[in-house]
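The next block holds one structure in the form of structure tokens; read it before the comments.
Below, chains carry the letters A, B, ... as their sequence lines are ordered, and counting in each starts from 1.
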Number of protein chains: 2
Amino acid sequence: MAERKRRLVAGELRDAALMLLATKGFDTVTVDDIVAVAGVSRRTFFRYFASKEDVVVRFLADMGASVVAELAARPRAEPPSAALRHAVWVPLAACTDRADHTERARIVVRLILDTPALHARWLDRQSRWCDALAAELAARHRLDPDTDPYPRMAAGMAMLALDTVLRQWQPGADEQRLAELTDQAFAVVAPALDTPGAPEPPP
Amino acid sequence: MAERKRRLVAGELRDAALMLLATKGFDTVTVDDIVAVAGVSRRTFFRYFASKEDVVVRFLADMGASVVAELAARPRAEPPSAALRHAVWVPLAACTDRADHTERARIVVRLILDTPALHARWLDRQSRWCDALAAELAARHRLDPDTDPYPRMAAGMAMLALDTVLRQWQPGADEQRLAELTDQAFAVVAPALDTPGAPEPPP
DNA sequence: CCTTTGACGGCACTGAGTGTCAATAGATGC
DNA sequence: GCATCTATTGACACTCAGTGCCGTCAAAGG
């Protein structure tokens, strides 16, 4: 009950922030501007979001947990390239579930890629997903994550593919188009992901 | 003459900053602390460095330009994995040219990887090198950087290898050890870098 | 010797982010 | 119905990063 109100305020704040940031740019909009539109106090803003960057980055934060969860759900027999492609595709497809949601997601992506401060935060978050992905991959293939570079690099290549897709995301692109871009990106890294030697655990 | 003094002040500031940051941590040290040790005013600090992060990140900034320059200097006939390995190796080897310099570089790397704010800036800088590397790769192989995902992903894989090496850099590791780590990292991505199809330009 | 140039320090200001406290509103117990 | 406990909020004050502005001072150059 109080939980629903929290969600309401957070949504209000997020919508106000995204609207202002997307139109006026990240640096010119202050937190005071955002709270003025949302109708709450400055202090309340920082109770919901750790920083100005956080409002935007959190919008895409679910992707991280999703990617790791999806990878864990894939059958172990599947080659790494296919498993990672699926893991990355699920949250990407979730961006295009409704047409209105799609365009907003694309605008947020563009804002992040074009704003240095946001881009830095985005990369930082991505690198955390990378850690989790690497741990999952190491467990999947029974590799030592401290000495074997494969898990971390494979996770990094998956993130690289995700990044490449988001960068090439043009206005008006639908789910079909995103799927094509994802396939292209993974086609590039697949030879490294599925290279023999590391991935096959000795029975 | 005035130029030499500028360099002197910048060095003083950098040394004071690195000493304080490495011992007390990034967040607890203020710019006032740094300038107190360096013996200049607060305002002067910001004339030399754009931000507190900048002091640390600039320390490794030369690497970026170096990587791109080295790649451009490699013969075109060389396979991408070898060319990129060399390009990444040169600045890495430069970190170990003198023993004292080596250990300081390692401490800075550790500081960056362990401090979220610095890590974010580092990744952001790395992504700029990635842009330049991708452009160079596209030119090398006569590919369209806007539609072909190969150049950007190949550049990203090189950065990924660099990142992996820096992460595995243990105390006391010498140039020999760094070379091993670099070889290991590039062995993972080589199959994707040298995959047929994209890299071979039609004559 | 005088002028111009450039670096420096001091000062004031904006804006992000945090700690604290009092007020308020809703849930709970009697 | 009323008291109470708890969680959320707003207000205020504070620290610190970063910037603009200006007066000063010293060195270069005529």
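Within residues 10-19 of chain B, no residue is approached by DNA chain D to less than 4.0 Å at the level of any non-hydrogen atom. Of the residues in residues 24-51 of chain A, V40(A), S41(A), R43(A), T44(A), R47(A), Y48(A) come within less than 4.0 Å of DNA chain D through at least one heavy atom, sorted by number. Within residues 109-119 of chain B, no residue places a heavy atom under 4.0 Å from DNA chain D.
Of the possible donor and acceptor atoms, none in the side chain of Q168(A) sits under 3.5 Å from a partner among the backbone N and O of L181(A).
Checked options L123(A), L113(A), V56(A); the residue passing with L118(A) is V56(A) (criterion: side chain to side chain contact (heavy atoms under 4.5 Å, CB included)).
With respect to R85(B) and D183(B), a salt bridge is recorded, a charged nitrogen being found less than 4.0 Å from a carboxylate O. Ion pair R125(A)/D54(A) flagged as a salt bridge, since at least one NZ, NE, NH1 or NH2 atom sits closer than 4.0 Å to an Asp/Glu carboxylate oxygen.
Residue-level contact check: K52(B) touches the backbone only, with heavy atoms under 4.0 Å from sugar-phosphate atoms and none from bases.
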Every protein N/O within reach of nucleotides 25-29 of chain D N/O, cut-off under 3.5 Å:
none

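Pairs passing the salt bridge (Lys or Arg N to Asp or Glu O under 4.0 Å) check and including a residue from residues 13-25 of chain B, sequence neighbours excluded, read D15(B)-R104(B). Within the structure, ring-ring contact (aromatic ring centres under 6.0 Å, His included) contacts touching residues 49-105 of chain B (residues at least two apart or in different chains) are F45(B)-F49(B).
Shown here for C95(A) and W169(A), the closest heavy-atom pair between the two residues is CB-CH2, 4.1 Å.
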